[in-house]
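To start, the structure under review is shown below, and the notes come after it.
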Amino acid sequence: MSPRLSASAPLDYESEEEAPAPERLALSFEVIPPRHDADAAKIDRLLEVLESYHPDYIAVTSSQRSGWLEGTAAFIEKISQNTSMRPLAHLACTAGTRDELIGWINRLVDAGVRGLLALRGDLPEGGMPEHYLQHADELVRLIRQLESHQAARFAAGRLAVSVACYPSGHAESKNEDEDFDVLLNKQRLGADFAITQLFFDAEDFLRFAQRAKLAGVKIPLIPGIMPMTSLRRLERMGQLSGLTVPERVRNQLAAATTPEEEYEIGMELTAQLARTIVAGGADGLHIYTHNNPDITQDLLSRIGVDNDDH
Ligand code: FAD
């Protein structure tokens with residue numbers, strides 16, 4: 001399957017009868033701002049490999065580790081200068097006060113960003129400072145307000161605004177209904193699409209997408225796919241995201257007798273998961289690359305997504 005080929009039936013959104021079928025599957029990558037002492041040749045190769053897939057955008061995370069948005073903006077500047085990829089910046093309420101966030105948004109726009117992923121960020125110890133925006137919905141509203149004051153700067157007067165969503169539920173949410181209410185609210189305030197947290201079962205995503213639609217969510221929900229290269233890594237990522245690795249996945253990976261066999265089993269599980277959700281109607285794939293071009297390339301080849309080399 002090439003990203004240029006159409007996916008099977010699109011998710012059953014309300015306007016499906018009138019909407020033309022998508023020409024191809026959306027494809028995007030998530031990358032992490034490299035440390036200042038990172039090997040420049042390695043980063044150049046990462047960008048070269050990712051660009052060869054002609055992704056729709058490349059999402060750059062932000063965290064305390066990357067100096068909040070300092071590292072994000074610097075990496076985005078590099079991507080804009082050296083590649084044709086369209087950068088999307090992660091922006092979290094935890095990055096600063098409302099005024100600081102406004103400064104960051106303007107800096108990111110200057111760096112070439114035309115898309116933002118509006119997040120709350122992980123709760124700092126002691127909770128969110130009182131004078132910060134408390135939730136991602138407030139950030140979506142702030143971005144749209146800024147945009148309306150600077151429409152002339154943006155093509156068609158719009159920034160692409162995405163938000164996070166959680167097929168296996170957000171760890172702090174009381175129940176699934178809360179997750180849908182929050183997503184509906186973000187949609188109402190101007191979110192264009194949502195990217196999911198990692199998940200381990202295709203069924204979790206497909207059920208979530210179906211239930212979201214029934215709840216009134218119309219924006220595309222793009223599945224975030226994490227290459228399952230080892231059980232140790234999965235457990236660590238699961239822990240960070242408040243998720244438990246399912247018994248089925250755990251048993252299959254634990255049965256491996258060598259790291260190579262474990263990698264093989266995990267990558268096949270990941271490819272199978274991606275193929276199942278595409279067959280089930282997902283609009284696209286968002287790959288968590290962890291800045292590893294070889295694993296990303298291997299995964300996409302197993303899924304059947306080609307780049308310029310093929
Ligand atoms: P929110 O939407 O604010 O939700 C957090 C909790 O509050 C949920 O339980 C929700 O139900 C509840 N809630 C939401 N709105 C309201 C409201 N108005 N009133 C009351 N309760 C509410 N973190 C980073 O720091 N940097 C990153 O680069 C980053 N990238 C990410 C990329 C993806 C694709 C995903 C899925 C997550 C990413 N995260 C990142 C992690 C994210 O910041 C955490 O998952 C965080 O705990 C929640 O973020 P959110 O935007 O979903 O928050």
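Both counts, for ligands and for their atoms, begin at 1 and track the order of listing.
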Discussion item. When you compare ligand 1 with His170, is there at least one nitrogen or oxygen pair between them that comes in under 3.5 angstrom?
Written reply: yes

Discussion item. Between ligand 1 and Glu178, is the shortest N or O to N or O distance under 3.5 Å?
Written reply: yes

Worksheet item: Under 4.0 Å from ligand 1, counting heavy atoms only, is it the side chain of Val182, its backbone, both or neither?
Response: side chain

Worksheet entry | Backbone or side-chain N or O of Thr94 under 3.5 Å from ligand 1 N or O | no

Worksheet item: Who's closest to atom 33 (C) of ligand 1 heavy-atom-wise, of Tyr166, Tyr288, Phe180?
Response: Tyr288

Worksheet item: Under 4.0 angstrom from ligand 1, any heavy atom of Lys186?
Response: yes

Worksheet item: Where on Arg120 is there a heavy atom closer than 4.0 Å to ligand 1, on the side chain, on the backbone, on both, or on neither?
Response: both

Discussion item. Residue-level breakdown please: for His90 versus ligand 1, do any non-hydrogen atoms fall below 4.0 Å on the side chain, on the backbone, on both, or on neither?
Written reply: side chain

Worksheet entry | Test of proximity, Ala136 against ligand 1: N or O pairs below 3.5 Å | yes

Discussion item. Hydrophobic clustering (ILVMFWY, side-chain heavy atoms < 4.5 Å, transitive) - are Leu206 and Leu243 grouped together?
Written reply: yes

Worksheet item: Counting both backbone and side chain atoms, is some N or O of Ser62 under 3.5 Å from an N or O of ligand 1?
Response: yes

Worksheet item: Using a heavy-atom cut-off of under 4.0 Å, does the side chain or the backbone of Leu117 touch ligand 1, or both, or neither?
Response: side chain

Worksheet item: With a 4.0 Å cut-off on heavy atoms, does Gly224 reach ligand 1?
Response: no

Worksheet item: Do Asp192 side-chain atoms and Ser162 backbone N/O form a donor-acceptor pair below 3.5 Å?
Response: no

Discussion item. Is the contact between Leu119 and ligand 1 made by the side chain, the backbone, both, or neither, using heavy atoms and a 4.0 Å cut-off?
Written reply: both

Worksheet item: Quick one: are the ring centres of Tyr166 and Phe205 less than 6.0 Å apart?
Response: no

Discussion item. Is there a polar contact, in the sense of an N or O pair closer than 3.5 Å, between Thr196 and ligand 1?
Written reply: no

Worksheet item: Just distances here: any N/O of Thr61 and N/O of ligand 1 closer than 3.5 Å?
Response: no

Worksheet item: In a check of side-chain contact (heavy atoms from CB on, under 4.5 Å) between Met85 and each of Leu47, Val31, Asp56, which one passes?
Response: Leu47

Discussion item. For Thr61 and Glu30, which I'm curious about, is there any donor-acceptor pair between the side chains at under 3.5 Å?
Written reply: no

Worksheet item: What's the shortest distance from atom 4 (O) of ligand 1 to any protein heavy atom, and which residue and atom give it?
Response: His135 ND1, 4.1 Å

